[in-house]
Amino acid sequence: MSETMTKTLQYRMDGPEDAPVLVLGPSLGTTWHMWDRQVPELARQWRVIRYDLPGHGGAPAHPATSIPELAERLLTTLDGLGVQRFGYVGCSIGGAVGAELALRRPDRIASLAVVAASPRFGTADEFRQRGVIVRANGLDPMARTAPERWFTGHFAAAQPAIVEWAVQMVRTTDPGCYIAACEALAAFDIRAELGRIAVPTLVLVGAEDKVTGPAEARTLVAGIPDARLALVPGASHLAPVEQPAAVTDLLVHHFSTAWYNPSDTSTGLTVLPDRMLQPAVAAPAGPVAEAAPAEQPRAVSAARPDPYEAGMRVRRQVLGDAHVDRAMAGADDFAGDFQELITRYAWGEVWTREGLDRRTRSAVTLTALVAGGHMEELAFHTRAALRNGLTPDEIKEVLLQSAVYCGVPAANTAFRVVRTVIQEETRPEA
């Protein structure tokens, strides 16, 4: 696969070639077919372009680990089609891509609609934990629980064929690309930037959505200056599938009445000059399993940046917000200096270095903890190793190696501790 192909997305076009362009973005675990019921009506007025996330719907499995990277790939795809300005509607992670485009490239977005979206999707811990489960068990646990996340109970009971279709969409997704998308959602947080979204925005949400529901939708509407809320009764997370007619009507009305184009009335289909064919959004953030980009120098100088902030960021990424919050909550006058020390030096100085990626650092850390008999720390660093991309089988190999070089009794205890943690962390959702 050429490098050019890795920077673009799989897409499909419907509707008149000379009509204004409307781009539809899917949710995590779905394909462009989630919009099938909207396309016939939308394609009457717009040139509809649907895309698949990497590794979804048979698309090439080139993982994208950040929302900015997904947005950049979409713009590169549209550049290749000669599309300059366009309307955009996206569901869930597709909505995050739309918000990212509205923030970083408002010159390209004529109007925006986000469905089942949020300025921050749950917590970083939740999505990284989902990645741990998929890495250990494959996508079957996500597929089995998709119906209860995506649809109301009444719809699931009445439409078993659609439910099975949705389950199969998840099962046929590439696991590595699904995990990368979870990492992208874990890092996504635009709560402080909502006021800079300047395009007309429709925030659409199912009234019974338990994933990103009305509360998250109202946060978006409160923060975006030109936004309005549409609540869809009888719908959960995949409102376009569950209530297709209502969602279609809302989208047609929004994009017919709120199409911002300050310079002209063109359709949006233009051939871009070469100077515009360049990356349009921020460079993608590195995956969780790799080190931060800058190595801290050894010598301390007055101009050297304080490593505390970088250390706290990496500490949270590796150990999880819940663990770090508990540790910091216990940082009283006696223990506070120690928490600052390990954040600044262990995490800000060592874990941020480029020399080893985070998978390797986790393997080294587990070995050292076995050798020292530090079983309590071994437990939470096992959780960290799973988050950093080590599989249970790889952790087993680390313990076997430790048995030879650190001693069988220490490894015997380590196996008991680690087995319990792995069982807890990789247990599929009920």
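Throughout, numbering of the chain's residues begins at 1 and tracks the sequence.
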Should R73 and H62 count as side-chain neighbours, where that means a heavy-atom distance under 4.5 Å? yes
Specify the closest pair of heavy atoms between L390 and A363, including all atoms of both residues, with the distance to one decimal. CD1-N, 4.0 Å
Ion pair present between E100 and R105, side-chain N to carboxylate O less than 4.0 angstrom? no
Between R50 and D14, does any NZ, NE, NH1 or NH2 come within less than 4.0 Å of an OD or OE carboxylate oxygen? yes
Can you name the nearest heavy-atom pair linking T31 to P26, along with the distance? O-CB, 3.9 Å
Under the rule for side-chain hydrogen bond (donor to acceptor under 3.5 Å, both in side chains), what residues qualify as partners of R191, not counting sequence neighbours? D189
Stepwise, does the side chain to side chain contact (heavy atoms under 4.5 Å, CB included) test hold for S27 with M34? CA-CA 8 Å; S27 68; M34 68 161 286; 4.0 Å; yes
Specify the closest pair of heavy atoms between E349 and P307, including all atoms of both residues, with the distance to one decimal. OE2-CG, 3.7 Å
Ionic contact status for D52 with R12, cut-off 4.0 Å: no
May I ask you to check whether E242 and S236 show a side-chain donor-acceptor distance below 3.5 Å? no
What I want to check is whether the side chains of T76 and D79 have a donor and an acceptor closer together than 3.5 Å. no
Applying salt bridge (charged side-chain N to carboxylate O under 4.0 Å, His left out) to R85 and D107, what does each step give before you reach the verdict? CA-CA 7 Å; R85 286 182 65 78; D107 57 307; over 6 Å; no
Check: I162 and F155 side chains under 4.5 Å, non-hydrogen atoms: yes
Distance-only side-chain donor-acceptor flag, R387 / Q129, under 3.5 Å: no
Kindly state each residue pair satisfying salt bridge (charged side-chain N to carboxylate O under 4.0 Å, His left out) with at least one member in residues 167-182, sequence neighbours excluded. D140-R171
Validation row: I133, T426 side chains within 4.5 angstrom (heavy atoms): no
Side-chain donor-acceptor pairs of residues 401-417 under 3.5 Å, sequence neighbours excluded:
residue : atom : partner : partner atom : Å
S402    : OG   : V398    : O            : 2.8
T413    : OG1  : P409    : O            : 3.4

Is the closest side-chain heavy-atom distance between W347 and V318 below 4.5 Å? yes
Using only heavy-atom distances, determine whether the side chains of Y88 and R108 contain a donor-acceptor pair under 3.5 Å. no
Could you grab the distance from atom OH of Y178 to atom CG of L28, nearest 0.5 Å is fine? 4.5 Å
Report, one line per pair, each donor and acceptor closer than 3.5 Å where one atom sits in a side chain of residues 214-222; sequence neighbours left out.
residue : atom : partner : partner atom : Å
E216    : OE1  : G213    : N            : 2.9
T219    : OG1  : A215    : O            : 3.1

Looking only at non-hydrogen atoms, find the nearest pair between V167 and P147 and report the distance. CG2-CG, 3.7 Å
Indicate every side-chain donor-acceptor pair of residues 331-340 with a distance under 3.5 Å to a residue at least two apart or in another chain.
residue : atom : partner : partner atom : Å
D332    : OD1  : F334    : N            : 3.0
D332    : OD1  : A335    : N            : 2.9
Q339    : OE1  : R315    : NH1          : 3.2
Q339    : OE1  : R315    : NH2          : 2.7
E340    : OE2  : R344    : NH1          : 2.6

Got T77 and Y51 here, is their nearest side-chain heavy-atom distance under 4.5 Å? no
Quick one: are T367 and L369 in side-chain contact, heavy atoms under 4.5 Å? no
Looking at every heavy atom in both A71 and V97, which two are closest together, and how far apart are they? CA-CG1, 4.0 Å
Between R104 and E193, does any side-chain N to carboxylate O distance fall below 4.0 Å? yes
I want to check something: taking the side chain as every heavy atom from C-beta on, are R135 and I179 in contact at a cut-off of under 4.5 Å? yes
To check you understand the geometry: which heavy-atom pair defines the closest contact between A116 and D209, and what is its length? CB-OD2, 3.5 Å
Among L229, T212, V114, whose side chain to side chain contact (heavy atoms under 4.5 Å, CB included) with V205 holds? L229
Decide side chain to side chain donor-acceptor pair (under 3.5 Å) for S111 and H254; before the verdict, give the C-alpha distance in whole Å, the side-chain angles of both, and the deciding distance to 0.1 Å. CA-CA 8 Å; S111 189; H254 175 69; 3.0 Å; yes
Taking side chain to side chain contact (heavy atoms under 4.5 Å, CB included) as the test, write out the residues that go with A184, two or more places apart. I67
Please work out whether the ring planes of W46 and F255 are parallel, tilted or perpendicular, with thresholds of 30° and 60°. perpendicular
Can you tell me how the ring of F188 sits relative to the ring of F121, calling it parallel under 30°, perpendicular over 60° and tilted otherwise? tilted
Under 4.5 Å between any side-chain heavy atoms of V89 and W35, yes or no? yes
What's the verdict on side chain to side chain donor-acceptor pair (under 3.5 Å) for S362 and R358, showing C-alpha distance, side-chain angles and the deciding distance? CA-CA 6 Å; S362 276; R358 290 188 190 169; over 6 Å; no
